[in-house]
Amino acid sequence: GFIPIAIDVHALYPWAHDTANNAHALWRSPLAFILRAVVSLAIPIVVVTLLDARRGRRSGALGAVGLIVLFIGETNAAIDWFMAMSPHFESTVFPAIVLASGMTSALALAALLAPRRTIDEGADLATMLFAGLMFWGYVSYAQLIVVWIANIPREVGFYVDRVDNGFTPIAVALVGAALFASLFALLFRAVKEKRALVVFAGAWVLVGQLVDAVWWIGPSTSAAPTSTLAYVVGLVIALVVGALVVTLLVRRSQLATRSR
């Protein structure tokens, strides 16, 4: 999913045109950006591979260390890929929003694809999806309220761009449909106990997270018509690949269980 971004890096990121010869320009050079992206993408692959190799054995320490390393790598990716599109905007909460969105998307994908043998398994998954949505909504609101209180023009402008230029309906849909409607539906045990409704909730939340990504990205790419397309293509590819990976892991788990 990163390939379209790498191809269109000069159109997506204003700092990619910086020709200054200093450490700051070197860090923001396209080559350094791509190398950091490769490291960020390699970290979860290495962590999952190591954990999978230790399946059936105690791996608590490895999992804890892997979680910390994964958090650092994904934080860098959130800053590099998303926040760097608006170079004048700074927020320590923004990486948490991206990580919360990724976690919620993963749970939604599991609700959509993962088989469940009992009603309780589906209900537990729906409850975790509810918690992921709560966390995503909380950190998103936390950043908004901090920007609102500080009232710094360059930070306020970041949100002004996302409620102007035709993006207001998307913002309203994200708050109303993607967050509150999803949370309200997942409150009820009757919804959690029906497989079809849990699958629908997973699909609904997944679409909401995709729209949320476009809402963050779209206003930053208004000067580059091909940029939004590149990002959307990257997100769709990542979603498809993620679905295939989850499906393969589930199938592998099922075969391993049957062979015992």
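Because only heavy atoms are used, hydrogens play no part in the values below, and waters and symmetry mates are left out as well, while side chains stay in. Treat the numbers as computed from the prediction; the structure is a model and nothing was measured.
- Checked against the 6.0 Å centroid threshold, Tyr141 and Trp136 do not count as a close aromatic pair.
- Distance check: Ser86 OG to Asp161 CG gives 7.5 Å after rounding to the nearest 0.5 Å.
- Taking all atoms of both residues into account, the shortest heavy-atom contact from Ala108 to Gly202 is CB-O, 3.3 Å.
- Closest of all the heavy-atom pairs between Ala178 and Gly208 is CB-CA, 4.0 Å.
- Closest of all the heavy-atom pairs between Arg154 and His88 is CD-O, 2.8 Å.
- The closest side-chain heavy-atom distance from Phe188 to Lys194 is not below 4.5 Å.
- Nearest heavy atoms, Leu144 versus Tyr159: N-OH, 3.7 Å.
- For the pair Ser91 and Val147, the minimum side-chain heavy-atom distance is 4.5 Å or more.
- Under a hydrophobic-cluster definition in which Ile, Leu, Val, Met, Phe, Trp and Tyr are linked whenever side-chain heavy atoms come within less than 4.5 Å, directly or via other members, Phe200 and Val205 are assigned to different clusters.
- Summarising the geometry of Leu112 relative to Ala203, their closest heavy-atom pair is CD1-CB, 3.9 Å, with the distance given to 0.1 Å.
- Note that Arg162 lies in the cation-pi zone of Phe158, set by a 6.0 Å cut-off to the ring centre and a 45° limit from the axis.
- To the nearest 0.5 Å, atom CG of residue Asp80 and atom CE of residue Met85 are 12.0 Å apart.
- The hydrophobic clustering, which links ILVMFWY residues whose side-chain heavy atoms are closer than 4.5 Å, places Leu174 and Val163 apart.
- Pairing each heavy atom of Val198 with each of Ala126, the nearest pair is CG2-CB, 4.4 Å.
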Please set out all donor-acceptor pairs under 3.5 angstrom arising from side-chain atoms of residues 68-76, sequence neighbours excluded.
{"unit_1": "Thr75", "atom_1": "OG1", "unit_2": "Phe71", "atom_2": "O", "d": "2.7"}
{"unit_1": "Asn76", "atom_1": "ND2", "unit_2": "Ser40", "atom_2": "OG", "d": "3.2"}

Donor-acceptor pairs under 3.5 Å, side chain of residues 92-104 to any protein atom, not counting sequence neighbours: which ones?
{"unit_1": "Ser101", "atom_1": "OG", "unit_2": "Gln209", "atom_2": "OE1", "d": "2.6"}
{"unit_1": "Thr104", "atom_1": "OG1", "unit_2": "Ala100", "atom_2": "O", "d": "2.8"}
{"unit_1": "Thr104", "atom_1": "OG1", "unit_2": "Gly132", "atom_2": "O", "d": "3.0"}

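- Clustering ILVMFWY residues whenever any of their side-chain heavy atoms sit less than 4.5 angstrom apart, transitively, puts Leu125 in the very cluster that holds Val207.
- The closest side-chain heavy-atom distance from Phe89 to Glu155 is below 4.5 Å.
- In the hydrophobic clustering of ILVMFWY residues, with side-chain heavy atoms under 4.5 Å counting as a link, Tyr138 and Leu107 come out together.
- For the side-chain hydrogen bond (donor to acceptor under 3.5 Å, both in side chains) condition, the pairs that include at least one residue of residues 181-193, sequence neighbours left out, are Asp120-Arg189, Thr127-Lys192, Ser182-Trp204, Arg189-Glu193.
- Following chains of ILVMFWY side-chain contacts shorter than 4.5 Å, one can reach Met128 starting from Leu133, so the two form part of one hydrophobic cluster.
- The line from CZ of Phe130 to CG of Leu183 is 5.0 Å long, rounded to the nearest 0.5 Å.
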